[in-house]
Amino acid sequence: GDSVTQMEGPVTLSEEAFLTINCTYTATGYPSLFWYVQYPGEGLQLLLKATKADDKGSNKGFEATYRKETTSFHLEKGSVQVSDSAVYFCALGADGLTFGKGTHLIIQP
Amino acid sequence: KAGVTQTPRYLIKTRGQQVTLSCSPISGHRSVSWYQQTPGQGLQFLFEYFSETQRNKGNFPGRFSGRQFSNSRSEMNVSTLELGDSALYLCASSLSGWGGVNTEAFFGQGTRLTVV
C-alpha cells in the first residue's frame, strides 16, 4: 500500500539556519503530495502542495519539489525563525491522505 | 468563513462503551474525512464521505463507522471501546475530496478521546 517516510526528529536548529526535512513516498499511480504543519496547541494546517511531477509548492518561505524519479518531496527553507517551531507532516493524497510520522522541529534563538 | 468544527473537544469513556463524534465541515464542502492520531501510529485515515456515501475506507475494524447527512455534517461512531482507541480524532473537509479536482483538506481541532 501507499506509505510515506520522513525523519522523525526532533530536529533542533538555530535561528536563520537552513532547513531540510526529507520525505520519500511509495505509491501506485501519481498522487498529490502535501506538507502539513501542526503548531503547538493548534490543528493541522496545509503548508504547501504539489499535484504532479516537477511541480514546486511554496508558502511562507518553505518550498518542496515533487520528484517522481526519486519519489521524494523534501521540505526546505533558507532561513528558519523561532516561529517555525512545530511538527511537520509529509502526506500523499490518493484515496484519503497517507501521512508520515511527523518531524518535530525546534528552532532556538 | 467558519472553519471545520468538531464536537466535543474532549471525551472520557469507559471500555466497552460506544461514542459518537461530530464534524461540521466548511460551508460548501461536500467531502468529510476522518483520521486517528496517536503517538505510536501517527495519523491514520479512517474513512471519507462524499454526498452521504462512504467513498473510501482505511484499515480499521468494523467497530469504527460513520455517516454523513444531507447538510454534509458527519458523525463517527466507535462501538465497544478499547483502551487502544484513545486518540485524537481529526476531521477534514474539502470541496470535492479524492477523485475531484480540488484535494486541499482543511482540518478541525480534533476530539480528544480517552478510554479508561
Side-chain angles (χ1 to χ4, degrees), chain A residues 1-10 21 23-52 55 57-60 62 64 66 73 86-105, chain B residues 2-7 9-10 23 25-26 29 31-50 53-60 64 66 74 76 87-112:
Chain A
D2 296 345
S3 66
V4 175
T5 302
Q6 64 178 110
M7 55 208 301
E8 292 186 36
I21 301 178
C23 170
T24 56
Y25 68 91
T26 302
T28 53
Y30 304 99
S32 296
L33 299 175
F34 305 85
W35 277 99
Y36 279 85
V37 58
Q38 191 169 36
Y39 296 103
E42 298 185 20
L44 275 170
Q45 302 173 27
L46 178 66
L47 181 60
L48 54 84
K49 68 177 181 180
T51 57
K52 60 184 187 299
D55 264 4
S58 61
N59 186 25
K60 298 182 181 180
F62 291 89
Y66 190 163
F73 193 54
V87 181
Y88 292 80
F89 294 90
C90 183
L92 69 83
D95 294 325
L97 283 165
T98 299
F99 286 90
K101 294 280 189 171
T103 300
H104 187 192
L105 176 66
Chain B
V4 179
T5 304
Q6 291 187 247
T7 56
R9 291 293 310 279
Y10 301 92
C23 173
I26 292 171
H29 284 194
S31 167
V32 173
S33 300
W34 289 88
Y35 296 83
Q36 182 194 65
Q37 186 176 22
T38 60
Q41 298 299 317
L43 277 155
Q44 295 184 284
F45 172 69
L46 280 153
F47 30 65
E48 182 213 2
Y49 285 85
F50 182 83
T53 301
Q54 186 181 89
R55 192 158 64 174
N56 293 297
K57 190 175 189 305
N59 189 25
F60 277 81
F64 292 81
S74 177
M76 189 191 91
L88 179 67
Y89 289 88
L90 294 168
C91 164
S93 79
S94 65
L95 271 172
S96 56
W98 307 106
V101 174
N102 188 332
T103 57
E104 179 172 343
F106 296 84
F107 283 80
Q109 295 277 66
T111 294
R112 172 76 63 186

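Small disclaimer: the values here were computed from a predicted structure and weren't measured. Hydrogens, waters and symmetry mates are skipped; everything else that's a heavy atom, side chains included, is used. Lettering of chains follows the sequences in order, A, B, ..., and the numbering in each one begins at 1.
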Undergrad: Run the side chain to side chain contact (heavy atoms under 4.5 Å, CB included) check on A:Phe34 and A:Phe99 step by step: do they pass?
TA: CA-CA 9 Å; A:Phe34 305 85; A:Phe99 286 90; over 6 Å; no

Undergrad: Assess B:Arg112 against B:Tyr10: is NZ or CZ under 6.0 Å from the centre of the six-membered ring, and within 45 degrees of the ring's axis?
TA: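 Pair B:Arg112/B:Tyr10 does not count as cation-pi.
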
Undergrad: Over 60° means perpendicular and under 30° means parallel, so tell me whether B:Phe107 and B:Tyr35 are parallel, tilted or perpendicular.
TA: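 Rings of B:Phe107 and B:Tyr35: tilted, as their planes differ by 30° to 60°.
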
Undergrad: For B:Leu46, is it the side chain, the backbone, both, or neither that has a heavy atom closer than 4.5 Å to a heavy atom of chain A?
TA: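 B:Leu46 has no heavy atom closer than 4.5 Å to chain A.
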
Undergrad: Assess whether a salt bridge exists between A:Lys101 and A:Glu8, defined as any Lys/Arg side-chain N lying under 4.0 Å from an Asp/Glu carboxylate O.
TA: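 No, no charged N to carboxylate O under 4.0 Å.
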
Undergrad: Quick one: what part of A:Gln45 sits under 4.5 Å from any heavy atom of chain B, side chain, backbone, both or neither?
TA: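 Interface part for A:Gln45: neither.
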
Undergrad: Side chain, backbone, both or neither: which part of B:Gln44 has an atom under 4.5 Å from a heavy atom of chain A?
TA: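 For B:Gln44, there is no contact with chain A at all, as no heavy atom is under 4.5 Å.
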
Undergrad: Checking heavy atoms, do the side chain of A:Leu44, its backbone, both or neither come under 4.5 Å from chain B?
TA: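 For A:Leu44, heavy atoms of backbone and side chain both lie under 4.5 Å from chain B.
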
